[in-house]
Asks: 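Here it is, the structure, as structure tokens.
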Amino acid sequence: MEELDILIVGGGPIGIACGLEAKKKGLSYLILEKGPIVNSLYNYPTNMQFFSSSEKLEIDEIPFISKEAKPNRSEALEYYRRITTSNKLNINLFEKVNSVIKNENIFDIKTNKNTYKAKNVVVATGFYDIPKTLNIKGEDLEKVSHYYNDPHFYAGQKVAIIGASNSAIDAALECYRKGAEVTLIIRGEEVGQRVKYWVRPDIINRIEEGSINAFYNSEVIEIKDTEIKIKTPKGIETLQNDFVLALTGYKPNFSFLQSMGIELSQDEQKIPVYNDETMQTNVEGIYLAGVICGGMETHKWFIENSRIHAKMIVKNILEK
């Protein structure tokens with residue numbers, strides 16, 4: 001079996017950037033992605049528009065041309081797909097990594113389809129696969145989802161949306177404009193400050209005019225087939241309800257990191273241990289790239305500020 005110089009876990013924008021850099025430097029590499037190309041972006045809402053402008057989403061200085069300054073999901077999917085295919089990157093899709101075990105100086109990688117050997121492993125898996133759960137009664141009902149796709153599905157329905165970040169606010173506005181009766185349940189006292197600056201005034205105005213109902217300093221405590229119970233500053237409220245979108249955020253696969261021997265900080269943030277100059281973890285030969293580096297601080301790393309990880313990692317590997 002060929003020993004790869006680098007095996008890259010995750011075929012998102014940063015995983016692709018790592019593959020491009022490895023190829024340019026003449027290293028043997030393979031990208032393994034458990035879904036389609038840029039799987040996380042594919043699972044974003046259909047109408048999602050990025051906060052970042054197109055040039056900040058570029059990798060390897062390959063121009064990203066979009067109709068507007070801030071591209072949408074479909075434009076990003078096309079951009080990263082064309083980079084992958086035109087550069088003939090070595091990538092296996094719909095292949096999930098199950099284990100990474102170090103034997104002396106070589107890593108044995110097992111997937112749902114094959115086994116591999118590699119001298120180095122780059123983990124660029126993001127954080128979009130595991131939702132933060134509410135841990136309340138009724139969360140497992142079919143009407144509850146931690147992901148949002150298309151507003152048409154909710155037309156004419158009573159929809160409760162839990163959260164105050166971009167995903168929750170986008171969903172609230174889109175569903176409202178497709179005829180849903182929308183209620184926002186927000187744990188804090190206001191709409192999140194990180195909400196896109198051109199969207200935040202829109203949602204505030206819709207709430208103030210009564211088009212969208214909002215409960216602040218509140219939380220859902222139970223979900224039933226036809227209603228939900230909300231704990232508010234004024235007491236318990238019971239609302240008629242058809243669907244619940246619990247858009248409360250996501251978290252990295254910490255158990256996967258720990259299974260490889262990567263240490264995490266001993267606090268709520270669970271930040272993986274790595275050298276911020278080389279991106280190498282406490283396990284020699286395993287590197288981190290992209291948003292996975294932030295642990296639960298999922299707003300710390302983005303495509304635009306983690307693109308540099310690819311060059312840092314490959315440089316360190318070549319210097320060994």
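The analysis underlying the following values was restricted to heavy atoms, covering all of them including side chains, and did not include hydrogens, waters or symmetry mates. Here, residue 1 is the first one in the sequence, and each next residue gets the next number. Keep in mind the model is a prediction, meaning the values are calculated, not measured.
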Asks: Can you name the nearest heavy-atom pair linking Tyr147 to Ile130, along with the distance?
Replies: OH-N, 4.0 Å
Asks: Work out which heavy atom in Asn39 is nearest to a heavy atom in Gly35; give both atom names and the distance.
Replies: OD1-CA, 3.7 Å
Asks: Apply salt bridge (Lys or Arg N to Asp or Glu O under 4.0 Å) to the pair Glu95 and Lys113, showing each step before the final yes or no.
Replies: CA-CA 6 Å; Glu95 185 168 355; Lys113 295 181 179 180; 5.6 Å; no
Asks: Verify the neighbour count for atom CD of Glu319: are there more than 12 heavy atoms of other residues, nucleotides or ligands below 6.0 Å?
Replies: yes
Asks: Quick one: does Glu237's side chain have a donor or acceptor within less than 3.5 Å of a partner on Lys231's backbone?
Replies: no
Asks: Would a line drawn from the ring center of Phe302 to the ring center of Phe51 be shorter than 6.0 Å?
Replies: no
Asks: Is it true that atom NZ of Lys25 has more than 12 heavy atoms of other residues, nucleotides or ligands lying nearer than 6.0 Å?
Replies: no
Asks: What are the two closest heavy atoms between Gly19 and Ile8, and how far apart are they?
Replies: N-CD1, 3.5 Å
Asks: Determine, using the 4.5 Å side-chain heavy-atom cutoff (strictly less than), whether Ile83 and Leu93 are members of one ILVMFWY cluster.
Replies: yes
Asks: Exactly one of Leu288, Val121, Leu257, Asn275 should register a side chain to side chain contact (heavy atoms under 4.5 Å, CB included) with Thr281. Which one does?
Replies: Leu288
Asks: Taking NZ, NE, NH1 and NH2 as the nitrogens, is one of them in Asp225 or Lys143 under 4.0 Å from a carboxylate oxygen of the other?
Replies: no
Asks: Between Asn305 (side chain only) and Lys300 (backbone N and O only), is there a donor and an acceptor less than 3.5 Å apart?
Replies: yes
Asks: Could you verify whether a donor N or O on one side chain and an acceptor N or O on the other, from Glu263 and Gln258, lie under 3.5 Å apart?
Replies: no
Asks: Name the orientation class of the two ring planes belonging to Phe243 and Tyr154 (parallel below 30°, tilted from 30 to 60°, perpendicular beyond 60°).
Replies: perpendicular
Asks: Output, in order, the C-alpha distance, side-chain angles, deciding distance and verdict of side chain to side chain contact (heavy atoms under 4.5 Å, CB included) for Phe107 and Ile101.
Replies: CA-CA 5 Å; Phe107 293 94; Ile101 299 173; over 6 Å; no
Asks: Indicate the atoms forming the closest heavy-atom contact of Phe254 with Gln269, along with that distance.
Replies: CZ-O, 4.4 Å
Asks: For Tyr128 together with Tyr44, are the ring centres under 6.0 Å from each other?
Replies: yes
Asks: Taking the six-membered ring of Phe50 (Phe, Tyr or Trp), confirm whether the NZ or CZ of Arg73 is under 6.0 Å from its centre and within 45° of its axis.
Replies: no
Asks: According to a 4.5 Å side-chain heavy-atom criterion applied to Ile, Leu, Val, Met, Phe, Trp and Tyr, with indirect links allowed, do Ile161 and Ile221 form part of one hydrophobic cluster?
Replies: no
Asks: Ion pair present between Lys117 and Glu3, side-chain N to carboxylate O less than 4.0 angstrom?
Replies: no
Asks: With a 6.0 Å cut-off (strictly less than), is the heavy-atom count around NZ of Lys320, excluding the residue itself, greater than 12?
Replies: yes
Asks: Inspect the surroundings of CG in Asn103 and state if more than 12 heavy atoms from other residues, nucleotides or ligands are less than 6.0 Å away.
Replies: yes
Asks: May I ask you to say whether Lys24 pairs ionically with Glu21, meaning some side-chain N is under 4.0 Å from a carboxylate O?
Replies: yes
Asks: Determine whether more than 12 heavy atoms belonging to other residues, nucleotides or ligands lie under 6.0 Å from atom CD of Glu189.
Replies: no
Asks: Using modelled atom types only, decide if a donor and an acceptor are shared between the side chain of His146 and the backbone of Pro131 within a distance under 3.5 Å.
Replies: no
Asks: So does Gly285 get a backbone contact from the side chain of Gln280, meaning a donor-acceptor N/O pair under 3.5 Å?
Replies: yes
Asks: So does Lys158 get a backbone contact from the side chain of Asp242, meaning a donor-acceptor N/O pair under 3.5 Å?
Replies: yes
Asks: Ring centroid separation for Tyr287 and Tyr274, is it under 6.0 angstrom?
Replies: no
Asks: Do you know the tightest heavy-atom contact between Ile303 and Arg307?
Replies: O-CG, 2.7 Å
Asks: Report the C-alpha separation of Lys34 and Asp129 in whole Å, then their side-chain angles, then the decisive distance to 0.1 Å, and conclude whether the salt bridge (Lys or Arg N to Asp or Glu O under 4.0 Å) test is met.
Replies: CA-CA 11 Å; Lys34 71 176 185 179; Asp129 292 327; 3.0 Å; yes
Asks: Is it true that, when you exclude Lys270 itself, more than 12 heavy atoms of the residues, nucleotides or ligands shown sit nearer than 6.0 Å to its NZ?
Replies: no
Asks: Run the side chain to side chain donor-acceptor pair (under 3.5 Å) test on Glu55 and Ser53 for me, step by step, so that the C-alpha distance in whole Å, both residues' side-chain angles and the decisive distance to 0.1 Å come before the verdict.
Replies: CA-CA 6 Å; Glu55 69 270 13; Ser53 55; 3.0 Å; yes
Asks: Has the side chain of Thr248 got a donor or acceptor atom that lies under 3.5 Å from a matching backbone atom of Lys132?
Replies: yes
Asks: For Asp60, is there any backbone N or O sitting under 3.5 Å from a side-chain donor or acceptor partner on Lys311?
Replies: no
Asks: Any chain of hydrophobic side-chain contacts (each under 4.5 Å) joining Val220 to Tyr216?
Replies: no
Asks: Which heavy atom in Val159 sits nearest to a heavy atom in Ala180, and how many Å separate them?
Replies: CG2-CB, 4.0 Å
Asks: Are more than 12 heavy atoms, taken from residues, nucleotides or ligands other than Lys178, located less than 6.0 Å from that residue's NZ atom?
Replies: no
Asks: For Asn149, which of Asn47, Asn43, Thr46 qualifies under side chain to side chain donor-acceptor pair (under 3.5 Å)?
Replies: Thr46
Asks: Within the side chain of Glu33, is there an N or O that forms a donor-acceptor pair under 3.5 Å with the backbone of Gly11?
Replies: yes
Asks: Treating Ile, Leu, Val, Met, Phe, Trp and Tyr as nodes and any side-chain heavy-atom pair under 4.5 angstrom as an edge, say whether Trp198 and Ile204 lie in one connected cluster.
Replies: yes
Asks: Answer yes or no: is there a donor N or O on one side and an acceptor on the other, between the side chain of Asn92 and the main chain of Ile31, under 3.5 Å?
Replies: no
Asks: Count the heavy atoms of every other residue, nucleotide or ligand shown that sit under 6.0 Å from NZ of Lys56, and state whether that count exceeds 12.
Replies: no
Asks: Taking Val273 as the starting point, is it possible to reach Val122 by hopping between hydrophobic residues whose side chains are less than 4.5 Å apart?
Replies: no
Asks: Would you find a donor on one side and an acceptor on the other, under 3.5 Å apart, between the side chain of Asn87 and the backbone of Leu89?
Replies: no
